[in-house]
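I have placed the structure first, in the form of structure tokens, so that the comments after it can refer back to it.
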Amino acid sequence: MNIILADDSALIRDGLAGLLTRRGHTILAQAASAHELVCLVDELCADEHVDLVITDVRMPPGMSDDGLRAAQEIRKAHPAIGLIVLSQYVSAAYASTLLSLTTPTGRAGVGYLLKDRVSRISDFIHAMDVIAAGGVVIDPEVTMVLASSTSSGLSSLTERENEVLELMAQGLSNTDIARHLVVSAAAVSKHVSNIFSKLNLDPTQDNRRVRAILYYLAYAQPSGLSSTPRAGRA
């Protein structure tokens, strides 16, 4: 894979670059700030094929969520580039933002991983492969924390509701799901409503769709990284 790395720590960038290079990947460039990252991606995409961007959340100049906002800009301008955002802390807001960047079938995936995950090399490499194939990867610690407040309801979902939830987790909209399952949009809306109800996600809760997806990733695939491949991709 052709990769661009972004972290304000040169030590972390160089360490990650060395790890990925030894695994046969190509590091096209490294950025020390969110602004530099966006500029590098725009510049390199004119002449190079970029497969993946790996960025820390907390980046200069603001040292808050600058890296995440850079990822949003990159997804908007270059939707075929996979994105991995690394964070030191579990954040529902970060996970929700990353999942909002999922795109329809055929586009690259996204991942939100805790920095500790990088040291688990096999997990990290697996995450990269899933994202490059168009999938979504959420760190299992993140999914467990975010889903812990929701009572188990997956076992009560019908076969069709499980299909709909899986497609939601793959980033498909209700319209996309209707087209994929060859059913009406109204039928999909009813299934989604039933899913929310069975997972105890009432209308007063923010980001019900995101919470349902995180719940699916946490409990439907409990071993290893919580990930789901993009529909229609290998």
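We're numbering straight along the sequence, starting at 1.
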**Report entry** NZ-CG distance between Lys198 and Leu165, expressed to the nearest 0.5 angstrom
**Finding:** 11.5 Å
Query - Shortest non-hydrogen contact from Gly82 toward Ile131 - result: CA-CG2, 4.0 Å
Query raised in the report: With sequence neighbours excluded, what pairs up with His78 under the side chain to side chain donor-acceptor pair (under 3.5 Å) test?
Result: Asp42
Query raised in the report: Within the side chain of Glu73, is there an N or O that forms a donor-acceptor pair under 3.5 Å with the backbone of Ala70?
Result: no
Requested in this report: Mind listing the closest non-hydrogen atom pair of His49 and Asn2 along with its distance?
Outcome: O-ND2, 2.8 Å
Query raised in the report: Between Asn194 and Ser197, does any side-chain donor sit less than 3.5 Å from a side-chain acceptor?
Result: no
Requested in this report: Quick one: closest heavy-atom pair of Ala169 and Ile213, and the distance?
Outcome: CA-CG2, 3.7 Å
Report task. Could you walk me through whether Arg75 and Val110 pass the side chain to side chain contact (heavy atoms under 4.5 Å, CB included) test, one step at a time? Result -> CA-CA 10 Å; Arg75 175 44 54 95; Val110 299; 3.7 Å; yes
Query raised in the report: Atom CG of Leu16 and atom CG of Leu11: how far apart are they, to the nearest 0.5 Å?
Result: 11.5 Å
Requested in this report: Give the C-alpha distance, both sets of side-chain angles, the deciding distance and a yes or no for side chain to side chain contact (heavy atoms under 4.5 Å, CB included) between Leu52 and Ile81.
Outcome: CA-CA 5 Å; Leu52 182 67; Ile81 296 178; 5.6 Å; no
For residues 54-61, dump all side-chain donor-acceptor pairs below 3.5 Å to protein atoms at least two apart in sequence or in another chain.
from: Asp56; atom 1: OD2; to: Lys115; atom 2: NZ; distance (Å): 3.1
from: Arg58; atom 1: NH2; to: Met63; atom 2: O; distance (Å): 3.3

Requested in this report: For residues Ser122 and Ile125, determine if any side-chain heavy atom of one lies less than 4.5 Å from a side-chain heavy atom of the other.
Outcome: no
Report summary line: Only residue of Ile177, Val188, Asn174 satisfying side chain to side chain contact (heavy atoms under 4.5 Å, CB included) with Leu167 is Ile177
Query raised in the report: Do any N or O atoms from the side chain of Thr21 and from the backbone of Ala17 form a donor-acceptor pair under 3.5 angstrom?
Result: yes
Requested in this report: Determine whether Ile84 and Leu40 fall in the same hydrophobic cluster, where Ile, Leu, Val, Met, Phe, Trp and Tyr are linked whenever their side-chain heavy atoms lie under 4.5 Å apart.
Outcome: no
Report summary line: CZ (Arg179) and OG (Ser184) are apart, to the nearest 0.5 Å, by 13.5 Å
Query raised in the report: Step by step, would you call Tyr112 with Leu83 a side chain to side chain contact (heavy atoms under 4.5 Å, CB included)?
Result: CA-CA 9 Å; Tyr112 173 43; Leu83 300 168; over 6 Å; no
Query raised in the report: With sequence neighbours left out, what residues match Glu48 under side chain to side chain donor-acceptor pair (under 3.5 Å)?
Result: none
Query raised in the report: If you look at every heavy atom in Ala212 and Met168, which pair is closest and at what distance?
Result: CB-CE, 4.3 Å
Requested in this report: Tell me, please, which residues at least two apart from Asp14 pass side chain to side chain donor-acceptor pair (under 3.5 Å).
Outcome: none
Query raised in the report: Between Val50 and Cys45, which heavy-atom pair has the shortest distance, and what is it?
Result: CG2-SG, 3.9 Å
Identify each donor-acceptor pair in which a side-chain atom of residues 25-33 lies under 3.5 Å from a protein atom, sequence neighbours left out, and give them as a table.
from: His25; atom 1: ND1; to: Met1; atom 2: N; distance (Å): 3.1
from: Gln30; atom 1: OE1; to: Arg13; atom 2: NE; distance (Å): 3.1
from: Ser33; atom 1: OG; to: Glu36; atom 2: N; distance (Å): 3.1

Query raised in the report: Between CG of Asp129 and CZ of Phe124, what distance do you get to the nearest 0.5 Å?
Result: 10.5 Å
Query raised in the report: When hydrophobic residues are tied together by side-chain contacts of less than 4.5 Å, even through go-betweens, does Ile12 share a cluster with Leu19?
Result: no
Report task. Please list, chain by chain and in numerical order, all residues satisfying side chain to side chain donor-acceptor pair (under 3.5 Å) with Asp65, sequence neighbours excluded. Result -> Arg69
Query raised in the report: Going through the checks in order, is the side chain to side chain contact (heavy atoms under 4.5 Å, CB included) test met by Leu5 and Ile3?
Result: CA-CA 6 Å; Leu5 301 176; Ile3 301 168; 3.8 Å; yes
Query raised in the report: What distance do Glu166 atom CD and Asn162 atom CG have between them, rounded to the nearest 0.5 Å?
Result: 8.5 Å
Query raised in the report: If you look at every heavy atom in Val41 and Val53, which pair is closest and at what distance?
Result: CG2-CG2, 3.9 Å
Query raised in the report: Out of curiosity, Leu113 CG to Asp123 CG, how far, rounded to the nearest 0.5 Å?
Result: 9.0 Å
